Amino acid sequence: MRAGVLELAGYSVTDLTETFATPSFLLDVADLRARAARFRDAFAAAFGRPVAVYYASKAFSSTAVLRWVHAEGLRVDCATGGELATALAAGIPGEDIGLHGNNKSAGEIATAIGAGVGRIVIDSLPEIELVARVAADLRASDVPVMVRVTTGIHAGGHEFIATAHEDQKFGLSLATGAARAALDAIAASPGLRLVGLHSHIGSQIMGSGGFAEAARAVLGLRAEAEAAGIEVPEIDLGGGYGIAYLPGEADLDPAVVAADLAGAVRAECAALGASVPEISIEPGRSIVGPAMVTVYTVGTVKPVTTEDGSQRLYVSVDGGMSDNIRTILYDASYTAMLANRVGGAETVRARVVGKHCESGDIVVEEVQLPADIRAGDLLAVPATGAYGRSLASNYNLVPRPGVVALGDGEPREIVRRETVADLLALDLG
Ligand code: LLP
């Protein structure tokens, strides 16, 4: 190993970028799999029986990744027809797939029913009729559905990623009785079978409190439904478990949150005189986020005097908001490190920016970097696996980076780097 060269899964990033170029997402497969296993084991241990863990594939979806998490015993949550098609292409059995979405098309629902998915999560009252109609057209019976409940609990890092307060598009409100009405409507639909209630309160959540509060609210609805003769076998507590992005931060520990949730669920069930339901969860970010690093090549380096007279070094990289929109969209914080050599001892206040024609094209807002950073250096940005490649765009007709898997045989691209030719292929003149 050369001094100062970052190694990932035993490979030096200088070697990797010679083969795969930059920018690239580098995935540590063993880390991904270990995270999947940790959620599976922590929740099973806390609840004293298996808990179905659905990997929320919106965080990052590719057939290889879905196969790896499935091999660890996880199921796959899909939010669109595209994610569903990827899960099916990966060979995930239908019964191990769940379908979400606030605006599913009849076609998406038909594909899901045809594949025999384990659950379709109902997100509105009209959708109950739609799923029932599609099921009838397909002569399918016993179609498993869940009801997504809006519990009114506000949690999550940024307003755009909080999902259970009232004034947003997801789910059926507990407060207005819409969730309760959905249960009656499902009970009255012969082709549908209620498998449970679902709660997802938001993303990048750093404590157990909101999850526990939501669980209690959903269990209350379950008790009400069961008193009216409607069986609710399962409760899904959603995803949203936060991860570390900066030095000094720590992931929300699955063992801690699982223990807190198991405690809250048991206590609430005891108070309600109810049995403990089957439990499932839907983590995305916490499985794949920390398992990837983006590597960029540095280009233009420009010292700038800010409005308060201080200095800031603008370090431009060969990607930007097209491969990481989270910084500017959610005010998300990342760090960056020199990855190809030992930098000079002196550090400067720097901002890592991309190559797009937009001043908000910022990858890392604030970071100390070696003062001698220069064109041709490699910069690594950790924890980009979740909602990095999956939110990537082609703004300025920049091709999206590939994803390179490390630790499953020889390093290889599991998602090919796009080329300008790929983009031009869509241009029909
Ligand atoms: N289940 C449902 C129903 C969801 O809507 C989500 C995320 C998850 C599970 C997984 O949540 P996670 O464990 O990954 O936090 N683009 C945003 C995050 C949007 C999350 C959308 N739903 C970001 O980059 O922060």
Side-chain angles (χ1 to χ4, degrees), residues 25 32 35-36 38-39 43 52-61 65 69 74-80 83-84 97-104 119-124 146-151 153 155-165 168-172 196-208 210-211 214 218 235-245 251-252 254 257-258 261 279-292 294 321 323-334 363 381 383-393:
F25 290 94
L32 170 87
R35 287 171 186 282
R38 216 170 292 141
F39 269 88
F43 275 79
V53 181
Y54 286 77
Y55 168 61
S57 69
K58 69 200 77 183
F60 175 76
S61 181
V65 159
V69 298
L74 270 56
R75 300 182 188 181
V76 177
D77 160 51
C78 301
T80 64
E83 289 177 4
L84 178 57
I97 298 176
L99 180 67
H100 264 283
N102 69 300
N103 188 24
K104 304 175 195 73
R119 63 196 206 187
I120 296 175
V121 185
I122 298 287
D123 205 87
S124 67
M146 278 192 137
V147 170
R148 178 155 176 186
V149 180
T150 306
T151 53
I153 288 146
H158 186 278
E159 189 197 330
F160 294 170
I161 57 177
T163 53
H165 51 299
Q168 51 79 37
K169 69 176 181 170
F170 294 109
L172 287 139
L197 298 174
H198 187 289
S199 158
H200 173 76
I201 56 174
S203 204
Q204 186 57 12
I205 296 166
M206 276 306 184
S208 306
F211 294 115
V218 170
I235 301 281
D236 190 300
L237 301 172
Y241 312 101
I243 62 165
Y245 282 97
D251 298 347
L252 185 58
V257 76
L261 279 176
I279 298 291
S280 53
I281 57 168
E282 260 173 15
R285 185 193 313 268
S286 48
I287 306 289
V288 75
M292 281 195 221
T294 310
M321 63 192 292
D323 59 69
N324 189 347
I325 191 70
R326 298 195 67 259
T327 305
I328 193 69
L329 187 57
Y330 310 119
D331 211 7
S333 298
Y334 288 87
V363 179
V381 176
T384 55
Y387 310 106
R389 182 62 178 73
S390 74
L391 282 177
S393 77

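These numbers come from a predicted model, not from an experiment. Just so it is clear, the values below take in all heavy atoms, side chains as well, and ignore hydrogens, waters and symmetry mates. Just so you know, ligand 1 is whichever comes first in the structure, and atom 1 is the first atom listed for that ligand.
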Kindly indicate whether the side chain of Asp77, heavy atoms from C-beta on, has any atom under 4.5 Å from the side chain of Lys58. yes

Closest to atom 6 (C) of ligand 1 (heavy atoms only, candidates His200, His198, Arg148) is His200

Is it the case that ligand 1 has an N or O less than 3.5 angstrom from some N or O of Gly202? no

Under-4.0 Å heavy-atom contact with ligand 1, by part of Arg326 that carries it: side chain

Closest to atom 21 (C) of ligand 1 (judged by heavy-atom distance), picking from Lys58, Gln204, His100: Lys58

Which ligand 1 atoms, with their elements, are less than 4.0 angstrom from a heavy-atom of Ala56? 8 (C), 9 (C), 10 (C)

Do Gly239 and ligand 1 have an N or O pair less than 3.5 Å apart? no

Could you tell me whether Arg326 sits above the aromatic face of Tyr334, with NZ or CZ closer than 6.0 angstrom to the six-membered ring centre and within 45 degrees of the axis? no

Atoms in ligand 1 with a heavy atom of Gly240 nearer than 4.0 Å: 11 (O), 12 (P), 13 (O), 15 (O)

Measure from the ring center of Phe39 to the ring center of Tyr241 and say whether it is less than 6.0 Å. yes

Proximity of Tyr330 to ligand 1 by residue part, where a heavy atom lies under 4.0 Å: side chain

Arg285, portion touching ligand 1 at heavy-atom distance under 4.0 Å: both

Which bit of Val121 is near ligand 1, meaning a heavy atom under 4.0 Å away: side chain, backbone, both or neither? neither

Can you tell if the side chain of Ile281 reaches within under 4.5 Å of the side chain of Leu261, non-hydrogen atoms only? no

Working to the nearest 0.5 angstrom, can you tell me the gap between Thr151 OG1 and His200 NE2? 11.0 Å

Ligand 1 to Ser203 polar contact by distance, N or O atoms, under 3.5 Å: yes

Electrostatic pair Glu282-Arg119, nearest N-O below 4.0 angstrom: yes

Side-chain heavy atoms of Gln168 within contact of Thr150, under 4.5 Å: yes

Does ligand 1 have any atom sitting under 4.0 Å from a heavy atom of Pro283? yes

Atom indices of ligand 1, in the order listed, that fall short of 4.0 Å to a heavy atom of Gly284: 12 (P), 13 (O), 14 (O)

Heavy atoms, side chains only, cut-off 4.5 Å: are Ile235 and Leu237 in contact? yes

Against His100, only a single residue in Ile122, Thr80, Val121 fulfils side chain to side chain contact (heavy atoms under 4.5 Å, CB included); can you say which? Val121

